[in-house]
Amino acid sequence: MDKIKFDTKSLDLFYGDFQALKSINIKICENEVTAFIGPSGCGKSTFLRCLNRMNDLIDSVKMKGEIIFDDKDINGDIDVINLRTRVGMVFQKPNPFPMSIYENIAYGPKCQGLKDKTQLDTLVKESLTKAALWEEVKDRLNKSALGLSGGQQQRLCIARTIAMNPEVILMDEPTSALDPIATAKIEDLMSSLKKDYTIIIVTHSMQQAGRISDKTAFFLMGEIVEFDETPKIFTNPNDKRTEDYITGRFG
Amino acid sequence: MKSEHKNAIVADKIATVILYCIAGFFLLLLAGFTAYIIVKGIMAYQPGIFSFERTGIGVELFNTVYLVLISLIISVPIGVGAGIYMAEYAKAGKVTNYLRICIETLSSLPSIVIGLFGYLVFIYMTGSKYNLFAGALAVSILSLPLLTTVTEDAIRAVPSIYKEGSLAVGATHWQTIVQICLPVATPRIITGVILAAGRGFGEAAALLYTAGMSSNVNLNIWNPFDPMSLLCPFRPGDTLALHIWALKTESMTPNADQIANFSAAVLLVLIFAFSLGSRLLGARLDRKMSGK
């Protein structure tokens with residue numbers, strides 16, 4: 001039995017009066033890639049953003065239910081900053097900060113109080129290496145990160161997340177703004193990262209979910225219709241609605 | 001169908017021409033005014049006009065720069081702080097709405113009202129004489145709403161993906177504001193500071209009864225705590241704008257008009273130099289961040 005990283009129990013989420021998530025129950029295992037698929041507005045990104053409390057930024061959000069992460073409900077009395085260092089996030093649009101490549105990676109650790117230059121240097125190199133970006137940027141670490149290509153920027157954002165040494169990496173459609181070659185690089189990266197991290201990815205591309213994930217959850221209208229091993233979901237789903245979506249009959 | 005298309009193209013052309021005309025008109029107006037002031041100023045030039053004696057405008061020039069600097073030192077931290085509060089901390093609701101009305105009202109108060117308020121509070125109630133510091137405070141009140149609004153807009157305009165990225169690596173709200181939002185917003189905030197300084201440079205009414213209409217300094221005293229020293233902020237001091245007004249209305253000096261004309265030109269150059277300097281600084285920061 002794999003170790004469970006996130007255990008969500010009957011989670012409801014409301015934006016004002018609108019219920020965006022309905023009784024979500026899902027157990028996400030360690031060192032696996034879990035994919036969330038489903039049509040736009042089905043709540044998959046909203047759920048992803050629950051896992052590092054990114055929804056805190058929206059005033060009107062209210063939640064019921066529990067998300068257990070390491071024996072604690074993350075909606076309860078926990079240290080949000082600590083949670084976010086352990087559960088990193090990569091966004092849909094590459095969002096490097098308007099500073100140098102080096103500073104982008106060092107930003108998170110510095111915010112946590114790491115000042116030692118040698119340690120920071122090592123960390124920056126390690127993170128960029130793990131994100132398969134080191135060779136491309138090692139001679140321009142002090143140049144602005146905004147000069148990188150879209151794909152490089154996204155790998156930089158992954159490196160920035162890795163620099164915090166998180167346990168989980170959340171990815172919200174990380175390749176939807178990238179060309180196919182850059183997408184392939186990020187996908188390769190994900191499979192190499194999964195031995196060290198638990199990865200949860202929201203994707204619009206079913207091929208992508210099929211290629212990279214171990215398990216897949218199908219979201220529809222704020223509910224999880226089906227959650228199972230990825231091959232099972234794609235070849236022999238239990239629910240008619242999953243099959244319709246997979247085969248492209250709607251969505 | 002065809003003729004409708006043609007009409008649209010004609011309308012487009014007409015609109016373009018009209019807009020260019022309006023822009024051109026204002027450009028001409030501005031160029032005309034500037035040229036008039038500068039030319040008259042240059043014609044009024046006489047040796048020794050920059051001297052710090054009674055016949056020169058050295059003291060007034062110094063007072064102007066000094067007063068604007070003091071007022072910026074006071075108003076920028078408060079205005080930027082208030083702007084950050086409005087953009088990042090204020091929750092939508094009655095209190096915030098009330099605050100917003102206050103800021104808007106303050107920004108539309110006539111400056112003479114602020115001058116009289118300044119006289120009452122900074123001069124009369126403290127029992128002091130007219131002084132530069134009180135003038136700087138009055139100008140600060142004038143520029144605070146502007147700085148607050150500009151900062152709030154600038155912080156709000158920071159793309160939310162930057163903020164989210166920062167929070168997602170475990171930065172606190174405050175770290176995000178200081179290290180991500182403020183640097184990104186700085187070029188726009190600088191625009192606000194230029195406008196605020198512009199008010200200070202050109203202000204007259206708010207200074208009449210706060211900074212006073214005359215200067216009396218002894219150039220041999222350099223102790224900034226001595227009220228006769230040029231460097232003392234707690235001494236009466238008239239700025240260029242006020243000096244021009246005084247020269248034009250009640251001066252007994254025979255060449256008052258000429259000094260006033262020259263002062264106007266100097267003031268214009270001063271404001272221009274300050275704006276240009278700040279803009280260059282802003283552009284440099286912008287370039288540094290965008291990595292070009």
Side-chain angles (χ1 to χ4, degrees), chain A residues 49 51-60 79-101 103-113 127 140 142-148 153 156-157 159-166 169-172 177, chain B residues 84-100 151-191 281-292:
Chain A
R49 295 165 71 93
L51 301 177
N52 68 343
R53 292 267 302 260
M54 227 41 190
N55 286 325
D56 285 13
L57 299 184
I58 306 163
D59 282 337
S60 63
D79 178 356
V80 181
I81 303 300
N82 179 264
L83 173 74
R84 288 184 186 145
T85 60
R86 293 171 62 194
V87 182
M89 187 168 217
V90 177
F91 296 82
Q92 180 170 5
K93 201 165 167 244
N95 60 346
F97 304 132
M99 38 176 95
S100 74
I101 294 170
E103 289 298 328
N104 259 280
I105 310 288
Y107 177 76
K110 273 186 180 170
C111 281
Q112 295 300 314
S127 309
R140 50 196 282 208
N142 292 317
K143 294 265 159 61
S144 168
L146 301 185
L148 297 173
Q153 287 189 5
L156 181 72
C157 293
R160 188 171 73 190
T161 307
I162 293 174
M164 301 307 296
N165 195 23
I169 301 177
L170 309 174
M171 297 188 171
D172 191 358
Chain B
I84 291 174
Y85 171 81
M86 293 303 280
E88 289 287 325
Y89 292 93
K91 295 225 160 44
K94 279 209 178 111
V95 180
T96 305
N97 286 344
Y98 177 72
L99 264 178
R100 220 172 279 282
T151 305
E152 183 186 350
D153 290 346
I155 298 274
R156 280 189 197 282
V158 173
S160 62
I161 56 170
Y162 287 157
K163 263 181 75 181
E164 291 185 341
S166 170
L167 293 172
V169 289
T172 61
H173 192 186
W174 181 240
Q175 283 168 332
T176 303
I177 292 171
V178 173
Q179 301 190 41
I180 304 290
C181 296
L182 268 183
V184 175
T186 297
R188 293 181 79 162
I189 295 178
I190 284 180
T191 313
L281 183 73
R284 233 180 105 178
L285 289 175
D286 217 22
R287 243 199 336 270
K288 207 175 138 204
M289 278 190 295
S290 59
K292 276 166 205 153

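Chain letters run A, B, ... following the sequence lines, proteins first, then strands; residues in each count from 1.
Only the backbone of P94(A) comes within less than 4.5 Å of a heavy atom in chain B; its side chain stays farther off. Looking at L57(A), only its side chain comes within 4.5 Å of chain B, counting heavy atoms on both sides. Contact annotation for R49(A): only side-chain heavy atoms (C-beta onward) come within less than 4.5 Å of a heavy atom of chain B. Of the two parts of P109(A), neither the backbone nor the side chain holds a non-hydrogen atom closer than 4.5 Å to a non-hydrogen atom of chain B. For a residue to count as touching a neighbouring chain, one of its non-hydrogen atoms must lie under 4.5 Å from one of that chain's; by this rule S160(B) does not touch chain A.
Smallest separation of non-hydrogen atoms from C181(B) and V158(B): O-CG2, 3.7 Å. In terms of heavy-atom proximity, M89(A) sits nearest to A168(B) at CB-CB, 4.0 Å. Heavy atoms only, all atoms of each residue included: C111(A) and Q179(B) are closest at SG-NE2, 4.3 Å.
Taking a cutoff of 4.0 Å between a charged side-chain nitrogen and a carboxylate oxygen, E103(A) and K110(A) qualify as a salt bridge. Residues R156(B) and D153(B) are not paired through a salt bridge, judged by the lack of any N-O separation under 4.0 Å between the basic side chain and the carboxylate.
Contact count against chain A (heavy-atom pairs under 4.5 Å) is highest for E164(B) among K163(B), E164(B), H173(B).
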